[in-house]
Amino acid sequence: MIPEYDAKAIEAKWQKVWEETEAFKVQEDESKPTKYVLEMFPYPSGDIHMGHVRNYTIGDVIARYSKMQGFDVLHPMGWDAFGLPAENAAIKNNSHPAKWTYANIETQRESFKRMGFSYDWDRTVVACDPEYYRWGQWIFLQFWKRGLVERRNSPVNWCPTCETVLANEQVTEGECWRCHSAVEKRDLTQWYFKITDYAQELLDDLEKLGGWPERVKQMQANWIGRSEGADVDFMLCDIDGNAPAEPSELDTITVFTTRPDTLFGCSFFVVSPEYERLDYIMEGSPFVAEVEQLKEEASKVSAVERAQGNREKHGVFTGRYVVNPINGEKVPVWVADYVVADYGTGAVMAVPCGDQRDFEFARKYDLPIIPIILEKDDPLFEKLDGVSERIVDTVDWENAYEAEGILVQSGKYTGMTGGKHSEAVDAIIEELQSKGLGHKTIQFRLRDWLISRQRYWGNPIPAIYCEHCGLVPVPEEDLPVLLPDDIDLSAGELLATHEGFVNTTCPICGAPAKRETDTMDTFTCSSWYYLRYTDPHNDQAPFDPKKANRWMPVDQYIGGIEHAILHLLYSRFFTKVLRDMGMVDFDEPFTNLLCQGMVKDEKGETMSKSKGNVIAPEDMIARYGADAVRAYILFMAPPDKDLIWDEGGLAGLYKFLNRVWRTVYQLVGSEPSESQSGAEIASEELEKANKALLREMHRVIGKVTADFGRFNFNTAIAALMELVNSISNYLKVPPAQRDADLCAVVARNLVILLSPIAPHFSEELYAEALGGEGSVGDLEWPEFDKALAAADEIEIVVQINGKIKGRVTIPADAAQDDVEPLAKDMLADQLAGKDIKKVIFVPGKLVNIVAK
RNA sequence: GGGGGCGUGGCGAAACUGGCAAACGCAGCGGACUUAAAAUCCGCCAUCUUCGGAUUUGUGGGUUCGAGUCCCACCGCCCCUACCA
């Protein structure tokens with residue numbers, strides 16, 4: 001009797017065995033090559049969802065497979081445990097964020113165990129654990145020492161719902177990444193990590209990341225946003241509009257431009273409403289009221305609206321003028337909302353002829369448009385010929401001319417080629433440089449990383465304000481700065497109002513002093529956790545460089561595309577700084593990156609609690625078992641594509657496991673199969689069947705191995721299904737006639753090949769049906785024998801002019817000379833009267849007769 | 001506006017460097033077993049067909065002996081990003 005496949009009992013049994021035998025403990029075996037398989041650690045917001053299941057199943061298969069291939073595998077798991085949801089839950093439940101966080105961690109940990117994930121639980125990293133965040137503070141202090149920490153005042157993104165500032169990367173389309181509230185601009189003094197110091201390297205090293213998806217690299221490159229151009233100095237005229245005799249620093253207004261070649265076409269000048277020196281410009285101007293009103297209106301326009309693009313542009317004249325450094329011309333200074341404060345210098349030279357935005361603005365406010373760059377055959381050339389006076393305003397234009405062209409009305413540069421990277425750009429920069437009024441420069445879109453948050457549940461910034469000594473770092477020996485437990489968040493208490501936390505003494509002079517009460521962005525925690533896993537219990541340092549260097553960089557990182565910029569960029573930055581500190585000897589943290597697709601509902605919509613379309617993993621485990629869930633999620637789509645949930649498909653994989661179960665028992669037992677007729681078969685036929693099964697087994701070993709290497713788990717499972725179909729076919733042979741040795745080896749290999757996908761199931765079959773010792777996970781991966789997988793005879797296609805006309809069966813090693821006559825013979829009718837031009841023979845595939 | 005990706009049966013998908021399109025599965029249909037159902041097993045399942053074949057990978061063109069795959073144009077969908085000077 002074949003026992004029933006009882007997924008629930010089997011899974012519980014093997015999870016217990018794995019735990020007791022510490023099956024997934026990292027071996028730290030120096031004789032083996034290492035493989036670090038890492039999935040992005042989760043935020044403990046309630047129980048896991050299908051996205052987690054998919055992410056971690058993919059990682060688990062890679063980890064288990066790597067172990068069977070002889071690697072010393074590091075496959076850890078932890079929690080990104082600081083952050084607002086915990087704090088909000090605590091406020092709502094009149095509780096403490098730690099309570100909520102740790103309860104959710106336990107729930108998730110149990111779910112992970114029920115999924116059978118092969119984590120070394122000994123290495124768990126929990127970001128809100130002082131043992132961990134202590135070293136986050138230590139790293140902060142090292143960054144500070146290296147000049148990579150700055151506290152400064154500037155316009156920042158403020159989320160009114162989360163009541164905290166946000167980093168640029170955490171604002172998408174003008175909304176807060178977490179709560180989707182419209183983000184406001186505020187002028188505040190905040191803490192920054194100077195990630196821009198690494199902008200160039202972060203961009204350049206994308207080239208080293210051959211194992212990353214192209215689109216992720218592209219997104220990072222766009223985010224870093226390097227543009228080459230020039231800084232150009234314009235001089236502010238005095239209030240009466242007279243050009244300054246002596247250029248003074250105070251009256252120098254610098255712009256960044258990628259098009260210095262169009263400088264002769266500058267007919268006005270624009271600063272953003274938030275421009276830092278706008279008040280200085282407005283001193284004594286009669287237009288203060290108008291400018292104030294524009295500023296007011298601009299501040300009201302939400303970032304969301306601003307992000308819509310192509311908005312109607314608004315501006316007012318400041319009453320002031322600046323001098324164009326290339327021709328000494330005076331141009332009016334405007335304030336307009338289409339210039340943003342946080343790119344370039346917050347001021348632009350407006351060239352309506354060569355820039356669409358300036359063009360639209362000029363049309364609206366009736367400002368001059370000076371044609372200075374034209375397409376080769378522009379009719380305007382004729383008009384300009386022999387005219388000494390400058391022609392202004394090209395009324396018949398509908399758009400600016402932004403492409404490459406020929407300069408006109410541009411002094412000695414007239415006739416030169418202009419455009420983004422043209423000779424005119426270099427020539428004009430040279431002139432500006434010689435006059436001391438400009439120079440070549442590179443502008444990045446990347447801003448410094450604003451890391452301070454006005455929230456309790458985060459890693460405290462280790463800094464102290466002393467009346468006498470100023471801003472003082474907390475000494476390393478005083479770390480960690482602990483978050484106080486006794487805080488009543490629901491009563492509105494903050495770190496800033498917690499006297500026991502705020503009041504301290506100055507580490508330098510000993511006088512009473514105040515602590516910094518901002519905490520660090522949670523993304524600082526996730527920027528180095530992967531290093532901590534290599535040495536998770538170290539209480540002398542964040543990690544031992546020797547251990548980190550042995551395991552790192554992560555060989556395979558797996559996570560969602562939503563971190564394409566945020567987490568992945570920050571982690572790259574941290575790694576580079578730690579390298580410069582001598583803590584690690586590599587430049588990039590993640591060698592290979594796999595971004596898995598989303599799990600969507602039947603209608604193709606994202607699952608969310610608010611839509612009520614969430615499929616709970618625990619329900620599915622209860623109904624079909626974790627192994628079926630794992631197999632299903634791998635089978636239904638390649639890992640990087642979105643997966644449409646279909647419970648019928650899951651039931652199908654459950655049926656497949658049942659079928660494997662019966663098949664394996666039938667292979668090694670003496671029971672007849674369902675498809676067997678009972679009649680003896682001829683020995684010739686038997687031999688053929690034996691041969692075919694052996695060949696099929698080897699073909700599938702090769703296919704599954706190759707597919708695992710490419711993460712094509714869906715086709716690997718399809719190949720295993722084909723093997724099972726072939727076995728079913730073989731089982732038509734009566735039990736007494738079967739080749740027992742062949743059956744045993746096929747059964748064994750089938751179980752091994754399936755084990756990374758359905759581990760509990762495979763363990764049970766290996767132990768109970770095959771009588772195996774130990775764990776399947778400790779076995780070696782079967783070797784692929786190409787010779788045994790090859791067929792002796794194959795069927796190839798015969799074509800005329802690429803159209804299939806028939807098929808012939810030939811020996812696998814047949815040469816063209818053998819095949820050609822066969823083919824011609826076969827198609828003699830159709831070739832009659834035709835002239836054979838040539839014959840193309842693709843071994844193992846086809847023979848194509850080109851005839852006319 | 002800029003960048004990236006995708007388009008194959010009723011559905012999820014396969015087809016590695018151009019070489020038998022639709023493997024594998026879901027749904028469906030027919031049969032066996034059963035008193036019956038479930039489960040299981042066997043078979044059919046792109047479209048049209050005068051049963052010889054013919055047509056088919058969003059549309060139109062091109063390169064090639066041969067194109068789902070490469071090139072050009074267009075249509076449609078998705079994702080990212082954005083008054084970036």
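Below, read A as the first sequence line, B as the second, and so on, with proteins coming before strands; counting in each chain starts at 1.
Here A:Phe656 lies out of heavy-atom contact (under 4.0 Å) with every strand. Residue-level contact check: A:Asn714 touches the backbone only, with heavy atoms under 4.0 Å from sugar-phosphate atoms and none from bases. Note on A:Lys600: nothing from the nucleic acid sits closer than 4.0 angstrom, heavy atoms only. Base contact: A:Ile840 has a heavy atom under 4.0 Å from a base atom.
For A:Met219, the listed nucleotide lying nearest its side chain is B:rC80; candidates were B:rU40, B:rC80, B:rG4. Distance from the side chain of A:Val797 is smallest to B:rC20 among B:rA14, B:rC83, B:rC20. Distance from the side chain of A:Arg445 is smallest to B:rA82 among B:rC65, B:rC83, B:rA82. Set against B:rC84, B:rC83, B:rA13, the side chain of A:Tyr338 has B:rC83 as its closest nucleotide. Ranking B:rC83, B:rA15, B:rC41 by closeness to the A:Arg662 side chain, first place goes to B:rC41. Between B:rC26, B:rC24, B:rG12, one nucleotide has an atom nearer to the side chain of A:Lys655 than all others, and that is B:rC26.
Contact annotation: A:Asn222 does not reach the phosphate of B:rG4 (side-chain N/O to OP1 or OP2, under 4.0 Å). Applying the 4.0 Å criterion to OP1 and OP2 of B:rG25, one finds that A:Asn725 has a side-chain N or O inside that range.
Side-chain atoms of A:Arg259 do not come within 3.5 Å of backbone N or O of A:Gly418 as any donor-acceptor pair. At least one donor-acceptor pair closer than 3.5 Å links the side chain of A:Asp642 to the backbone N or O of A:Met598.
B:rA82 atom C1' lies 16 Å from atom CD of A:Gln443, rounded to whole Å. One can place NZ of A:Lys845 at 7 Å from P of B:rG19, the figure rounded to the nearest angstrom.
Of the two residues contacting RNA chain B, namely A:Ile565 and A:Gln218, the nearest-nucleotide position lying further toward the 5' end is that of A:Gln218. The 5' end of RNA chain B is approached more closely, in terms of each residue's nearest nucleotide, by A:Asn658 than by the other of A:Asn658 and A:Asn848.
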*Can you give the dot-bracket line for RNA chain B, where a pair is Watson-Crick or G-U wobble with both atom distances under 3.5 Å, crossing pairs use [ ], and | marks a partner on another strand?*
(((((((..(((......[....))).(((((.......))))).(((....)))..(((((..]....))))))))))))....

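For A:Arg807 and B:rC20, a side-chain-to-base donor-acceptor distance below 3.5 Å is present, hydrogens and geometry of angles not being considered. If you check distances only, the side chain of A:Lys838 never reaches the base of B:rC65 with a donor-acceptor pair under 3.5 Å.
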*Could you go through the side-chain contact (heavy atoms from CB on, under 4.5 Å) check for A:Ile224 and A:Leu569 one step at a time?*
CA-CA 10 Å; A:Ile224 296 166; A:Leu569 187 67; 4.2 Å; yes

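You'll find the ring centres of A:Phe635 and A:Phe656 outside the 6.0 Å limit.
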